[in-house]
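The structure appears right after this line, and notes come after that.
Computed from a prediction, not measured in an experiment: that's the story for all the values here. Letters A, B, ... are given to chains in the order of the sequence lines, protein chains preceding strands, and every chain is numbered from 1. Atom set for the values below is all heavy atoms of this structure, side chains included, hydrogens, waters and symmetry mates excluded.
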Amino acid sequence: MSAALEKPQIIAHIQKSLSYTVFDSRWIPCSAKFVCMGNFARGSGVLQIYEVQRGELQLVREIEQAKPIKCGTFGAASLQQRHLATGDFDGGLNVWNLEVPESPVYSVKAHKEIINSIDGVGGLGIGDGAPEIVTGSRDGTVKVWDSRQKDRPVVNMEPVEGETKRDCWTVAFGHAFNAQDRCVCAGYDNGDVKLFDLRNMSLRWETNIKNGVCSVEFDRKDINMNKLVATSLEGKFHVFDMRTQHPTQGFASVSEKAHKSTIWQVRHLPQNRDIFMTAGGAGNLHLWKYEYPAQRTKKGADDVDMGVAGSVNLLQNVTLSTQPISSLDWSPDKQGLCVCSSFDQSVRVLIVTKLNTV
Amino acid sequence: VMSGNKAVELQTQMRQNAEDLQNFMKELNNWEEEIKKKDQQLRAGNISEPPTLPPVRNNDYKKTKTSVKRQTNGLKEQKETQRIKSYDYQAWDKFDVDKSLEAMDAEESPVHSNESDSEGLQVDRDLALTEKQKGNECFRDGRYDSAIECYTRGMDSDPYSPVLPTNRAACFFRLNKFAVAESDCNLAIALDGKYVKAYIRRAEARTALNKHQDALEGLTLYQEIMEVNEVTLVIEYLSSSEKSESDAEPLQQLQEQEQQRKQEAVVQKDRGNAYFKEGKYEAAVECYSRGMEADGTNALLPANRAMAYLKLHRFSDAEQDCSTALALDASYAKAFARRATARAARGRTREAKEGPPSIASVAFTASPSFLRSSHAFVFVCRLRAGSEAGAGKQTESITFRKNDNQLILRCQYFLPSTTILFLCFSSQRLTLQQISPDAYLKIFQNSLEPDVLNHILKTFHSFFQREDASLLLAVLRSLASVRRFDMTVMFMSSAEKKLLQELFDWIHSAGLGDASVPGLQKKYGL
């Protein structure tokens with residue numbers, strides 16, 4: 001009973017109704033502002049910048065775009081410039097300077113079909129190496145872009161000739177612990193999770209979690225890969241221990257079923273990599289904590305090291321809406337502050353308490 | 001008492017939570033101020049020198065395919081264990097410094113050692129694709145020379161793609177360089193033996209060179225390689241080859257001006273087709289009309305315009321255009337089919353006001369050369385039937401005149417679900433043979449209607465002779481393998497079941513009653 005006292009609380013601090021369908025919302029680093037991306041009913045895309053002002057949201061700027069925008073990231077931007085990279089419904093990748101949004105800083109027709117997911121690494125003063133952006137699209141390919149190279153991706157990961165292409169639903173960078181190493185993890189609609197090593201240009205690991213993969217995220221992008229969470233349809237998510245790769249059995253994992261519906265998004269707390277939040281199709285949020293096992297490795301049958309997965313504990317859950325919560329983003333500057341958007345055309349700023357004592 | 005404790009605990013919990021929240025909010029306000037200051041500083045601050053970044057990844061490396069090949073860590077470990085021990089002087093004597101330096105250099109760029117394409121030939125698919133798209137645009141605008149250049153560049157980048165030589169062959173064809181077109185098609189076929197378009201283009205080129213027999217042989221060869229569904233393309237082509245044959249001869253006699261006008265018409269037709277594919281039917285109609293102005297003898301243009309009209313539901317215009325097309329070329333099968341659709345559609349709209357629906361009539365009076373071969377062949381044309389309650393499904397006779405002989409052929413409608421009209425005819429007798437029974441599953445998929453089944457059975461009953469028993473058995477078997485067959489069988493009436501029983505009796509009397517037949521009979525509900 002007393003444990004309930006220490007449970008973190010998830011409180012909806014501010015809620016705002018929008019006049020468009022919002023697909024993604026991201027904090028602008030080093031500020032109290034965030035960007036909402038989506039599309040108007042008339043078919044054009046929109047970027048809105050809001051600032052948190054004493055319990056209210058002020059609209060700072062609204063930018064209309066030609067094509068609806070599905071996803072965005074600040075991950076590859078410098079702290080000074082904080083350019084937003086967006087993927088749109090037409091397969092176009094654009095990097096915007098939000099102060100001067102008339103024309104993009106970098107623009108390329110990245111894919112033939114909608115870009116489902118985007119991630120950036122190497123920016124914001126986190127990690128070493130060149131800033132890069134990765135996009136995953138319904139056309140089955142995953143492409144990595146460097147803003148210094150026009151028109152052509154730096155890496156293109158596409159299905160082998162003859163194989164049916166599966167929609168790529170989610171991408172994430174990880175393992176970027178030095179200037180050369182990078183890994184891209186991609187999740188597909190048939191349950192495939194593939195880990196590409198960009199340094200060696202090869203497929204490092206793949207597995208299938210038996211259900212479409214909605215979201216993947218490493219607990220931290222800029223360290224030797226530690227944990228990877230992959231969420232799927234039908235309320236299941238898997239946490240993989242990425243420190244030990246067994247040659248045949250891959251990575252150890254623990255899985256958990258929650259939400260009773262699609263888990264749309266998973267986001268780790270930037271200030272504590274063992275805490276993450278999952279957003280579900282029934283408009284609910286679950287806050288989890290991962291506990292490491294006593295020993296992270298053990299000897300397998302053939303005397304080769306294999307990983308041992310730990311366990312996940314549910315810290316708190318809350319239902320905010322009846323529609324799926326499609327995006328979630330923790331503020332990198334204030335622990336416990338997060339913004340989420342859902343398909344009921346609203347965006348909410350949440351406060352999660354007690355995260356420092358968990 | 002426990003409940004008392006619980007109440008107290010609950011209260012404390014709530015108070016604590018409220019306090020937590022208050023603290024958070026206070027902190028939040030302070031934080032907001034701080035962070036706004038920081039934000040301003042960053043924005044106003046000088047743009048510092050960007051740190052030297054590592055070079056763009058894979059700069060010297062054109063392509064990466066997802067390797068299904070995995071990097072085995074085992075290999076790397078083995079190499080490491082081969083280190084020479086420091087005290088092993090003999091091994092050190094034998095140690096070749098230069099070689100190991102080279103090996104290290106090679107290792108450092110694992111990029112190159114992994115790449116399976118490193119025969120020196122860099123296959124650049126992306127560039128080839130861009131060139132192909134550019135070429136397609138040039139082709140649509142009628143700039144055939146630029147299109148050829150684009151396709152050639154594409155072929156340099158990707159020599160393994162059969163699409164580029166085929167497209168280039170089309171350009172040569174339009175420039176009347178038929179021999180070059182044929183050789184390009186041969187290249188495409190060599191690259192990919194199953195590429196339909198290449199075969200068809202080659203046949204067009206050969207026909208234009210008056211090598212008709214070769215054209216037909218090339219296509220029959222193709223027919224053998226592929227399965228039945230592909231044959232439809234082949235034969236549709238055959239009917240249009242009649243047209244290009246008749247076009248080729250007058251072309252050689254025309255003056256330059258006429259030729260230009262015809263080119264213009266063809267360009268307009270292509271443009272119209274492009275609009276049609278995008279769904280912009282009005283624009284397509286415009287292009288076709290312009291083409292018709294340029295060249296009034298091209299039967300394709302009115303026929304295509306009719307198709308666009310059909311999409312726009314302008315059925316009377318469509319019918320008129322079809323008649324124009326048929327006036328220009330009496331053997332143009334597509335025009336017949338489209339006119340029938342137009343009539344059927346008009347019949348349906350009339351039906352809304354009047355009584356029973358009028359049946360679409362498909363009448364063919366083909367020129368004798370159309371039936372020149374004595375082979376049996378299948379003619380498939382697609383009739384688009386809009387509503388479910390559309391034209392009636394029934395058999396209709398078609399009179400076919402070949403020289404003086406009259407052939408009465410059976411035509412079967414399979415509408416509306418599959419919307420495929422099968423016309424089977426031969427110069428001798430009716431046969432359903434050309435559609436191999438194995439293909440039924442593909443053709444019908446899961447929409448074998450009871451009426452369709454009925455028609456097939458009736459045809460067999462009335463037209464087949466006893467020696468076709470083995471074919472009959474094969475047909476019955478493959479029909480039974482079509483999905484949801486049990487549902488179809490459920491709808492058979494007793495008269496139809498009698499028919500079926502007779503058919504099975506024939507099979508038995510022909511001596512083909514092996515063990516599987518009773519099982520098959522059960523499937524048919526007998």
Side-chain angles (χ1 to χ4, degrees), chain A residues 1-2 4-5 9 11 13 28 30-33 51-55 78-82 99 122 128-132 141-142 144 146 148-149 152-161 163 179-180 182 194 196-206 245 247 333-334 336-337 351 353-354, chain B residues 2 5-6 9-10 12-14 16-21 23-25 27-29 31-36 38-43 45-48 50-51 53-59 61-74 76 110-111 114-115 124-127 130 160:
Chain A
M1 193 47 77
S2 53
L5 287 169
Q9 303 292 313
I11 296 133
H13 176 42
I28 302 180
C30 281
S31 74
K33 296 187 265 199
E51 183 155 35
V52 179
Q53 283 270 38
R54 309 225 157 240
S78 73
L79 264 181
Q80 202 117 43
Q81 296 173 319
R82 289 172 287 168
E99 312 285 319
D128 307 314
E132 283 175 333
T141 60
V142 175
V144 178
D146 187 318
R148 295 171 287 174
Q149 179 165 289
R152 314 212 26 215
V154 156
V155 179
N156 180 357
M157 290 158 276
E158 53 184 5
V160 176
E161 293 281 327
E163 267 187 24
Q180 282 84 36
R182 293 269 161 86
K194 297 189 194 228
F196 302 104
D197 186 332
L198 296 187
R199 185 188 190 157
N200 301 324
M201 288 299 156
S202 63
L203 178 70
R204 183 156 167 176
W205 168 68
E206 63 179 342
Q245 181 172 9
D333 305 297
K334 178 83 181 114
L337 190 64
I351 289 175
T353 60
K354 290 205 191 73
Chain B
M2 281 325 264
N5 271 349
K6 275 198 193 159
E9 272 196 39
L10 218 69
T12 359
Q13 180 189 330
M14 280 174 60
Q16 261 234 341
N17 286 345
E19 264 179 42
D20 271 340
L21 191 56
N23 287 339
F24 197 106
M25 295 304 297
E27 277 179 25
L28 188 64
N29 289 335
W31 170 79
E32 273 177 40
E33 312 257 335
E34 279 174 26
I35 202 79
K36 276 171 202 171
K38 198 169 173 201
D39 187 16
Q40 292 284 44
Q41 274 177 359
L42 279 175
R43 281 199 284 169
N46 299 326
I47 297 179
S48 53
L53 297 171
V56 175
R57 204 179 286 273
N58 301 329
N59 223 341
Y61 185 108
K62 287 293 177 183
K63 248 197 84 56
T64 309
K65 282 188 241 189
T66 299
S67 29
V68 181
K69 43 188 164 140
R70 290 169 201 202
Q71 191 79 339
T72 42
N73 297 329
K76 288 211 166 147
V111 173
N114 270 352
E115 184 52 23
D124 192 346
R125 293 256 173 79
D126 297 323
L127 188 58
T130 335
Y160 300 116

*In Å and rounded to the nearest 0.5 Å, what is the CD1 to CD1 distance from B/Ile35 to A/Ile28?*
11.5 Å
_Atom pair CD (B/Gln16) and OG1 (A/Thr353), whose distance is rounded to the nearest 0.5 Å_ = 9.5 Å
*What part of A/Asp333 lies closer than 4.5 angstrom to a heavy atom of chain B: side chain, backbone, both or neither?*
both
*Could you have a look at A/Val144, A/Thr141, A/Ile11, A/Asp128 and say which one has the most heavy-atom pairs with chain B under 4.5 angstrom?*
A/Ile11
*Which atom pair, heavy atoms only, marks the closest approach of B/Pro54 to A/Ala130?*
CG-N, 3.6 Å
*List the steps and the verdict of side-chain hydrogen bond (donor to acceptor under 3.5 Å, both in side chains) for A/Gln53 and B/Lys36.*
CA-CA 10 Å; A/Gln53 283 270 38; B/Lys36 276 171 202 171; 2.7 Å; yes
*May I ask you to test the B/Leu21-A/Gln9 pair for a side-chain heavy-atom distance under 4.5 Å?*
no
*asked:* Using a 3.5 Å distance criterion without hydrogens, assess whether the side chain of B/Glu32 forms a donor-acceptor pair with backbone atoms of A/Arg54.
replied: yes
*Residue pair B/Asp39, A/Arg82: steps toward the side-chain contact (heavy atoms from CB on, under 4.5 Å) verdict*: CA-CA 10 Å; B/Asp39 187 16; A/Arg82 289 172 287 168; 2.7 Å; yes
_Minimal non-hydrogen separation, A/Cys30 against B/Lys38, with atom names_ = SG-NZ, 3.6 Å
*4.5 Å side-chain heavy-atom contact, B/Asn17 and A/Lys354*: yes
*How close do B/Val56 and A/Gln149 get, heavy atom to heavy atom, and via which atoms?*
CG1-OE1, 3.7 Å
*Looking at side-chain heavy atoms only, is the closest gap between B/Met25 and A/His13 below 4.5 Å?*
yes
